[in-house]
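One structure below.
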Number of protein chains: 2
Amino acid sequence: MSRRRDQLVTTALRLFSQNGFRATGIDLILREAGVAKKTLYNHFGSKEALVVAVLDKRHADFMATTRMTVARLAPRQRGDPRMRRPLAFFDGLDAWFTSGSFHGCLFINASAEYARSDCPIHQVCVSHKVRLLDTLESLLSEMPHANVRDMAQAVGLLADGAIVRAHTAGELHAARSAKRAVRRLLESYL
Amino acid sequence: MSRRRDQLVTTALRLFSQNGFRATGIDLILREAGVAKKTLYNHFGSKEALVVAVLDKRHADFMATTRMTVARLAPRQRGDPRMRRPLAFFDGLDAWFTSGSFHGCLFINASAEYARSDCPIHQVCVSHKVRLLDTLESLLSEMPHANVRDMAQAVGLLADGAIVRAHTAGELHAARSAKRAVRRLLESYL
DNA sequence: CCAAAAATAGACAGATCTGTATACTTTAAG
DNA sequence: CTTAAAGTATACAGATCTGTCTATTTTTGG
């Protein structure tokens with residue numbers, strides 16, 4: 001809808017990712033976005049609302065990227081065809097980690113800064129993680145369906161673990177470790 | 001050594017865990033610890049140094065708790081005896097998550113708030129995660145040693161993933177999901 | 001017991017942050 | 001073209017935060 005609104009959300013997404021939420025002041029976002037303060041407070045009533053909008057955008061972007069990446073990389077996976085899509089998901093993580101613009105999972109970071117579970121920001125993070133698990137289940141839908149739930153849990157844990165390791169410990173190859181574990185784990189279900 | 005210093009670190013550890021680092025002001029720490037501001041700046045030259053001291057204490061506490069918990073819970077694990085200690089580690093995570101005083105991994109949270117990799121705080125987090133991997137390797141030392149490195153990587157990812165899920169998504173049973181995955185994964189190495 | 005070290009209370013400086021208000025300018029739709 | 005909506009620039013209020021300084025009191029080691 002609004003071009004100014006998009007500029008604000010896009011700029012805030014970048015700055016929040018790079019420097020954290022509380023460490024990023026409104027004034028910096030405004031300066032880098034080239035937007036006046038009043039415009040921000042017309043679109044969003046508060047910084048908290050802007051954070052929520054940023055997380056919503058990040059969720060949409062992540063889901064779209066995931067869909068595209070899995071579709072592109074699944075055909076070139078080796079091994080049982082039923083494992084191709086979940087394995088491709090980890091190639092997507094690998095590309096993300098090594099892209100040079102990786103700053104960890106924005107939802108994990110937001111949960112760390114806004115820890116209280118009754119905070120709207122925290123609830124958006126819960127929602128993202130739940131929907132991500134649904135996505136993983138759908139990627140696993142070709143596997144023996146009796147264990148899809150268990151597999152999705154395990155794969156989700158390995159994905160979150162890889163994101164955390166890559167960010168906190170700087171191990172940018174974490175996605176490849178995770179992919180090896182996923183392959184071994186899924187093979188045990190075939 | 002100093003009683004005041006310990007009060008400051010202990011109080012700051014609690015407040016940083018509950019509310020985050022940047023959201024916790026010096027004045028609150030001082031009030032709750034019952035210590036004067038000058039005393040803090042005599043022991044630590046800055047808030048950043050206090051954060052580092054808190055993370056050092058947390059690392060020591062975590063390692064001590066892990067050692068004790070694994071020693072106590074390993075004997076009651078079912079399955080191959082060589083898997084007992086790594087499995088017991090996840091029972092320790094489960095007890096932590098459901099203890100009522102779980103606020104995520106302090107090092108993951110610190111990395112989220114102090115994102116720049118040249119920041120001393122971030123480096124303490126890297127160091128913690130590296131030492132944790134060493135610990136996991138030692139817990140896996142009874143497993144076939146050719147694959148200890150790979151197994152420790154996978155188990156570490158599942159542990160970090162469980163911590164993140166439990167905190168960000170509020171899934172306090174995440175440690176049990178992770179433990180099931182670890183059991184299955186380690187069995188594939190026997 | 002006494003002197004040096006450590007701690008206290010509290011004011012204060014200087015910076016920063018969120019959010020509001022004002023006065024002016026641009027944009028866009030009928 | 002005109003008018004109402006939206007945006008700009010900027011000052012400002014009020015709160016908060018880190019860190020310093022002073023003057024006083026408590027603790028502690030020899």
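The sequence lines fix the lettering, A, B, ..., with proteins before strands; numbering per chain opens at 1. Since we're looking at a predicted model, the values are computed, not measured. Note that these values count all heavy atoms, side chains included, but never hydrogens, waters or copies made by symmetry.
Candidate nucleotides D:dG19, D:dT18, D:dT8 were compared by shortest atom distance to the side chain of A:K38, and D:dT8 ranks first. Counting only heavy atoms from C-beta on, A:S46 has its side chain closest to C:dG19 among D:dG19, C:dG19, C:dT8.
At a threshold of 4.0 angstrom between heavy atoms, the contacts of A:D27 include nucleobase atoms, whether or not backbone atoms are also involved. Within the 4.0 angstrom heavy-atom criterion, only backbone atoms of the sugar-phosphate kind lie near A:K47; the bases stay farther away.
Between the side chain of B:R22 and the main chain of B:E113, a donor-acceptor pair closer than 3.5 Å is present. B:S17 places a side-chain N or O within 3.5 Å of a backbone atom of B:L13 that can act as its donor or acceptor partner. A:S127 places no side-chain N or O within 3.5 Å of a backbone atom of A:Q123 that could act as its donor or acceptor partner.
Separating the CG atom of A:N42 from the P atom of C:dT20 is a distance of 11 Å, rounded to the nearest angstrom. In this structure, CZ of B:R31 is placed 12 Å from C1' of D:dT16, rounded to the nearest angstrom. Put simply, CD1 on B:I29 is 16 Å from P on D:dT16, counting in whole angstrom units. Between A:Q7 atom CD and D:dG7 atom C1' the separation is 11 Å, expressed in whole Å. The interatomic distance linking A:R22 (CZ) with D:dT18 (P) rounds to 12 Å, in whole Å. For the pair B:Y41 OH and C:dC12 P, the interatomic distance rounds to 19 Å; values are reported in whole Å. Between A:L30 atom CG and C:dG19 atom C1' the separation is 11 Å, expressed in whole Å. Straight-line distance from the CG atom of A:L40 to the P atom of D:dT10: 17 Å, rounded to whole Å.
Judged by atom type and distance alone, B:K37 reaches the base of D:dG19 through a side-chain donor-acceptor pair under 3.5 Å.
Between A:R4 and A:G45, the one whose closest nucleotide on DNA chain C sits nearer the 5' end is A:G45.
For D:dA6, the OP1/OP2 oxygens have no side-chain nitrogen or oxygen of A:H43 closer than 4.0 Å. For C:dA6, neither phosphate oxygen OP1 nor OP2 lies less than 4.0 angstrom from any side-chain nitrogen or oxygen of B:S2.
Side-chain contact, B:T135 with B:R131: no donor N or O sits under 3.5 Å from an acceptor N or O. Between A:Q77 and A:D91, the side chains place a donor N or O and an acceptor N or O closer than 3.5 Å (distance only, hydrogens not considered).
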